[in-house]
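Following: one structure in structure tokens, then a few remarks.
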Amino acid sequence: MNASGVGDGMSTVERSWRRRRLDPDRSLGLRLTLAAVAAFLVLVPFALLALLVLGAWPPLFRLDASITAALHGYALDHPGWVRVMSFWTDVFAPGPLRVAAAVLLVWLMLRRAPRLALWVVTTMAVGGLLGALLKLLVGRHRPDLLDPVARAAGFSFPSGHALNATLAAGVLLLVFLPFARERRPLRWALWTVAVLLAVVTGLSRIALGVHWTSDVVGGWLLGVAVVAATTAAFTTWRTRTGRRPVRTVREGVEPELAESDPDGA
């Protein structure tokens, strides 16, 4: 074969690979590529933030300290605000969220959706274990305030409340999106509730002075990365078993859940 023939062969292979990965009609390759990129883009800022926390980077410490001081001063002057934040942080603590996940598991099993139930367990467990391990590895201490309005034990980075709220919000959103597939207002309502659950839970920890702002941001980033990674794995699994590809942000991870028999048994 001449040089031009080799070049034509390489060009054909390259075009074939790109078509498999980026062609919308071959959506498995496209979605895997996009999911991998998304997870990587989320993990990079988390890793950078963790390194800055480990290195006690002065600008980050000053930013954390200034936000904590401002919010602590507001909390001291507004006991009603403290009660609201305390109530929210207790209701959406990791424990109650895990109970909610357990209830969701029972419901999914009753609907004969064991694969989806396994995804829920995997997402919550992997995220929770990663958070606990990183707390020990980083070993960051919580804010030490002279007149605290709340107390919390253990290390600080990443915030367990922010992490678990993000995991739970992602799980609940992606499980129930199939029921809002053809109803845009309901879909937007589900997205709004999920974002508020994660954001307000994280902010409550800063407002109560039991976490630095970077702890909460780290919890959010790690939670999003875990949900993105397990979702990519699940959608790959379902596609390889013969199910159609899904538009996750609109249909959730298992559109068949809205049917009477999700697993087609």
Side-chain angles (χ1 to χ4, degrees), residues 42-98 100 127-128 130-170 172-173 191-227:
V42 175
L43 282 172
V44 166
F46 174 80
L48 290 175
L49 181 60
L51 289 174
L52 294 177
V53 169
L54 279 169
W57 192 47
L60 179 62
F61 176 79
R62 288 194 295 268
L63 178 61
D64 276 339
S66 63
I67 295 174
T68 295
L71 289 177
H72 184 59
Y74 184 85
L76 290 175
D77 294 334
H78 298 83
W81 167 253
V82 174
R83 286 193 293 271
V84 170
M85 290 292 96
S86 296
F87 175 77
W88 185 284
T89 205
D90 289 340
V91 170
F92 297 106
L97 290 177
R98 288 170 186 145
L130 279 176
L133 178 61
L134 286 167
K135 278 181 180 287
L136 293 174
L137 291 176
V138 176
R140 189 187 201 186
H141 294 291
R142 296 176 184 270
D144 186 13
L145 304 171
L146 291 177
D147 190 12
V149 298
R151 297 185 183 276
F155 292 121
S156 189
F157 182 89
S159 165
H161 277 67
L163 168 60
N164 283 276
T166 303
L167 295 172
L172 292 171
L173 173 68
W191 272 98
T192 301
V193 169
V195 171
L196 286 176
L197 171 59
V199 170
V200 178
T201 302
L203 292 179
S204 71
R205 306 303 285 168
I206 308 171
L208 293 172
V210 293
H211 271 295
W212 304 106
T213 300
S214 53
D215 299 335
V216 169
V217 173
W220 287 334
L221 290 172
L222 183 59
V224 170
V226 170
V227 172

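These numbers were taken from a predicted model, which means no experiment stands behind them.
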So which heavy atom on Val149 is nearest to which on Leu208, and how close? CG2-O, 3.6 Å
Which heavy atom of Val199 sits nearest a heavy atom of Trp220, and at what distance? O-CZ2, 3.5 Å
So, taking the atom named CZ in Arg142 and the one named CZ in Phe155, what distance separates them when rounded to the nearest 0.5 Å? 10.0 Å
Between His141 (side chain) and Ser156 (backbone), is there a donor-acceptor pair under 3.5 Å? no
So, Asp215 and Arg140, do they make that salt bridge, N to O below 4.0 Å? yes
Approximate separation, where rounding is to 0.5 Å, of His211 NE2 and Ser159 OG: 3.5 Å
State, to 0.1 Å, how close Val91 and Pro96 come at their nearest heavy-atom pair, and which atoms those are. O-CB, 3.2 Å
Is there a donor-acceptor pair under 3.5 Å between the side chain of Ser86 and the backbone N or O of Val82? yes
Rounded at 0.5 Å granularity, tell me how far CG in Leu134 sits from CZ in Phe46. 4.5 Å
Note, Leu167 side chain near Leu97 side chain (heavy atom, < 4.5 Å): no
Can any side-chain N or O of Ser66 pair as donor or acceptor with the backbone N or O of Leu63 at less than 3.5 Å? yes
Flag, side chain of Asn164 to backbone of Arg98, donor-acceptor distance under 3.5 Å: no
Measure across Gly218 and Pro158 and return the closest heavy-atom pair with its distance rounded to 0.1 Å. C-CB, 3.9 Å
Report yes if some heavy atom in the side chain of Leu203 is under 4.5 Å from a heavy atom in the side chain of Val216; otherwise report no. no
Rounded distance (nearest 0.5 Å) linking atom OG1 of Thr201 with atom CE of Met85: 9.0 Å
Please report the closest heavy-atom contact between Ser214 and Leu49, naming both atoms and the distance. O-CD2, 3.5 Å
CG of Asp144: more than 12 outside heavy atoms within 6.0 angstrom? no
Measuring from atom CZ of Phe61 to atom OG1 of Thr68, what distance do you get when rounded to the nearest 0.5 angstrom? 9.0 Å
Can any side-chain N or O of His72 pair as donor or acceptor with the backbone N or O of Asp147 at less than 3.5 Å? yes
Hey, what's the ring geometry for His78 with Tyr74, parallel, tilted or perpendicular (30° and 60° as the breaks)? parallel
Nearest atoms (heavy-atom pairs only) where Ala165 meets Ala198: CB-CA, 4.1 Å
dist Leu52:CG -> Leu60:CG (nearest 0.5 Å) comes out at 6.0 Å
